[in-house]
Every structure is written in structure tokens, then in C-alpha cells.
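Contents: one structure, followed by commentary.
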Amino acid sequence: SGDGLEDYAVLQNGATLVDGELVLDGTDQYGLLGDSDDYDRLAGEDVTMHLWFYANSFTDNNRMTLMRKGVTGHPDWDGYIIEIRDTSHDNFAGGDMGIKIFSTDSVGGVAPNNTIFRPSEGISLNKWHHIAVTMKDSNDQIEVYFDGQSLGTWTAVQGLSHGNEFDLTLGGDGVSGRSLDGKMKK
């Protein structure tokens, strides 16, 4: 009878749940769902992840985590990230806001392990948007959909994440400035 968030998410740093929507202020708020195989794409499985988000503004660093499971620093990467971002990496020039996808099951891996899909119409503020990400085990291919339209495919050269023991976070990842300024819902 709810959307699941009220039963499982631990709201962090003042995040709130209003009428089934996770409300975030763009600083360091997020929902913590913990670790579960239900949130992992295990070896041999294809998976589709999807979410709804509503951005009030883009944060100063143009980096807003929508969903994150694992991923630590180079070279010990393991996990996946879906975020709104203008660059694929801090050292690259920015562009229009897009949906950044990061996925790897590689310890000691090298770039590229992420890409950005940029909707031709951009990402509008103050409007609900839907993102769906499919991951195919047979060819390590990821396809991203934005508001029902495919933005294309990308092959994760280091392989897709096959699960880890990290927590799943929604709307941010606990790092200041990476939280969505807006709302998310199931």
C-alpha cells in the first residue's frame, strides 16, 4: 500500500517523505535503503531500474546523484550510479545537463567506465521526469530512456556491476552538494 520508501528508506540529514515523495534540499540529504541482493544486478541477470525525479534547480557543481549502489575511488570501483550531470568526469568540460551512468565490476579498472546521455530537449526544471536504465548481461550493454524515449546504448567496457555489499542511496549519496534539489518518487 505505499511506495516502499516509507517501509524501507532511512531518511538522512533532514530529508523528508511527503505524500510518498522523497523531498531533498540539494545539500547532503538522501534516502538510505541499505544493502540487499534485491538492489544488485547479479551475474547472468538482465535488469531494468527506473525512477521519477523533479528538480527545482541544478546545484552549483551540476552533480546530483539519483541512485547509487557502491562505487569507491580508483582503482577499487564496484557498483553503479545514475546521476544528473553536465560532465562525465570532473576534469572534462561541461555541456548540457544529462543523465550520467557509471557501472563497473572491476577492481583496478581504467576509464572509460561512465558516459552521459543528453536529452535533445534538455532536462527541464520544475517538471516530473522518468528515467529507465536497462542492463543486459550478455553484452554488458546499457540503454537509457528519458521520459519514454531511448537516448541510446553504451557498452560498459569494464563490465556491469554484479552486486556488492554497499548501501543503495536515493536522491544523494551523503557527499555535500550531490543531493537532488527536488523530489523523487517510485
Side-chain angles (χ1 to χ4, degrees), residues 9 11-16 21-33 49-74 77-104 109-135 142-158 161 166-186:
L11 304 176
Q12 302 291 313
N13 303 324
T16 58
E21 298 172 356
L22 180 61
V23 180
L24 308 156
D25 70 0
T27 57
D28 61 353
Q29 297 177 341
Y30 62 101
L32 175 69
L33 276 80
M49 298 176 280
H50 67 97
L51 57 90
W52 288 90
F53 76 94
Y54 181 105
N56 297 320
S57 69
F58 297 130
T59 58
D60 289 339
N61 68 0
N62 289 339
R63 183 175 190 174
M64 292 140 283
T65 301
L66 298 176
M67 183 183 292
R68 180 181 181 130
K69 178 89 166 66
V71 183
T72 60
H74 178 71
W77 294 319
D78 182 13
Y80 60 84
I81 301 173
I82 303 170
E83 64 184 14
I84 301 171
R85 187 87 190 265
D86 66 343
T87 61
S88 58
H89 188 276
D90 295 332
N91 296 331
F92 297 153
D96 294 334
M97 295 300 281
I99 296 118
K100 177 181 174 182
I101 304 297
F102 176 106
S103 179
T104 187
V110 295
N113 58 2
N114 64 80
T115 194
I116 292 187
F117 294 85
R118 299 184 197 281
S120 60
E121 302 293 319
I123 299 175
S124 301
L125 297 174
N126 304 310
K127 178 181 176 183
W128 282 105
H129 295 287
H130 183 257
I131 294 175
V133 177
T134 63
M135 296 182 176
I142 294 172
E143 185 166 10
V144 174
Y145 295 85
F146 180 75
D147 291 341
Q149 300 296 312
S150 174
L151 298 181
T153 60
W154 171 67
T155 300
V157 294
Q158 296 177 14
S161 175
F166 294 100
D167 293 332
L168 174 68
T169 64
L170 299 175
D173 58 15
V175 177
S176 182
R178 293 189 188 171
S179 175
L180 176 69
D181 175 23
K183 305 178 271 191
M184 293 182 69
K185 64 181 178 180
K186 186 174 176 182

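Just the heavy atoms: all of them, side chains too, but no hydrogens, waters or symmetry mates, feed the values below. If you're wondering where the values come from, they're calculated on a predicted model, not measured in any experiment.
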task: Applying side-chain contact (heavy atoms from CB on, under 4.5 Å), name anything that partners Glu143, two or more places apart in sequence or on another chain.
output: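 side-chain contact (heavy atoms from CB on, under 4.5 Å) list for Glu143, sorted by chain: Thr134, Tyr145, Ser150, Thr153.
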field: Which residues share a side-chain contact (heavy atoms from CB on, under 4.5 Å) with Trp128, sequence neighbours left out
entry: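 Scan of Trp128 (side-chain contact (heavy atoms from CB on, under 4.5 Å), adjacent residues dropped) gives Glu21, Trp52, Tyr54, Lys183, Lys185.
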- request: May I ask you to say whether Arg68 pairs ionically with Asp173, meaning some side-chain N is under 4.0 Å from a carboxylate O?
  value: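 So Arg68 pairs with Asp173 through a salt bridge.
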Nearest heavy-atom pair of [X] and [Y]: which atoms, and what distance?
X	Y	result
Met97	Ile84	CE-CG2, 3.4 Å
Ala55	Leu180	CB-CD1, 4.1 Å
Ile131	Phe146	CG1-CD1, 4.1 Å
Asp25	Asp28	OD1-N, 4.1 Å
Leu33	Ala9	CD1-CB, 4.0 Å
Ala15	Tyr30	CB-O, 3.8 Å

In Å and rounded to the nearest 0.5 Å, what is the [atom1] to [atom2] distance from [X] to [Y]?
X	Y	atom1	atom2	value
Ile82	Leu66	CD1	CG	7.5 Å
Ile142	Trp154	CD1	CH2	5.0 Å
Ile116	Ile99	CD1	CD1	9.5 Å
Arg85	Asn114	CZ	CG	8.5 Å
Thr16	Leu22	OG1	CG	7.5 Å
Glu83	Arg178	CD	CZ	7.0 Å

message: Please check this pair: side chain of Arg118 against backbone of Asp86, looking for a donor-acceptor N/O pair closer than 3.5 Å.
response: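 Checking the backbone N and O of Asp86 against the side chain of Arg118, a donor-acceptor pair under 3.5 Å is found.
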query: Is Ser179 reaching over with its side chain to a backbone N or O of Gln29, donor-acceptor style, under 3.5 angstrom?
result: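 Yes; at least one donor-acceptor contact below 3.5 Å.
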Residues that Asp147 engages under side chain to side chain donor-acceptor pair (under 3.5 Å), provided they are two or more places apart: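 With sequence neighbours excluded, Asp147 shows a side chain to side chain donor-acceptor pair (under 3.5 Å) to His129, given in chain and number order.
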task: Take Met184 and Met67, measure what side-chain contact (heavy atoms from CB on, under 4.5 Å) needs, and give me the verdict at the end.
output: CA-CA 10 Å; Met184 293 182 69; Met67 183 183 292; 5.8 Å; no
- request: Might you confirm whether atom NE2 of His130 has over 12 heavy atoms from other residues, nucleotides or ligands at distances under 6.0 Å?
  value: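 Counting other residues, nucleotides and ligands, NE2 of His130 exceeds 12 neighbours.
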- request: Decide yes or no for Tyr80 and Val133: does some side-chain heavy atom of the first lie under 4.5 Å from some side-chain heavy atom of the second?
  value: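 They are not in contact (no side-chain heavy atoms under 4.5 Å apart), so the answer is no.
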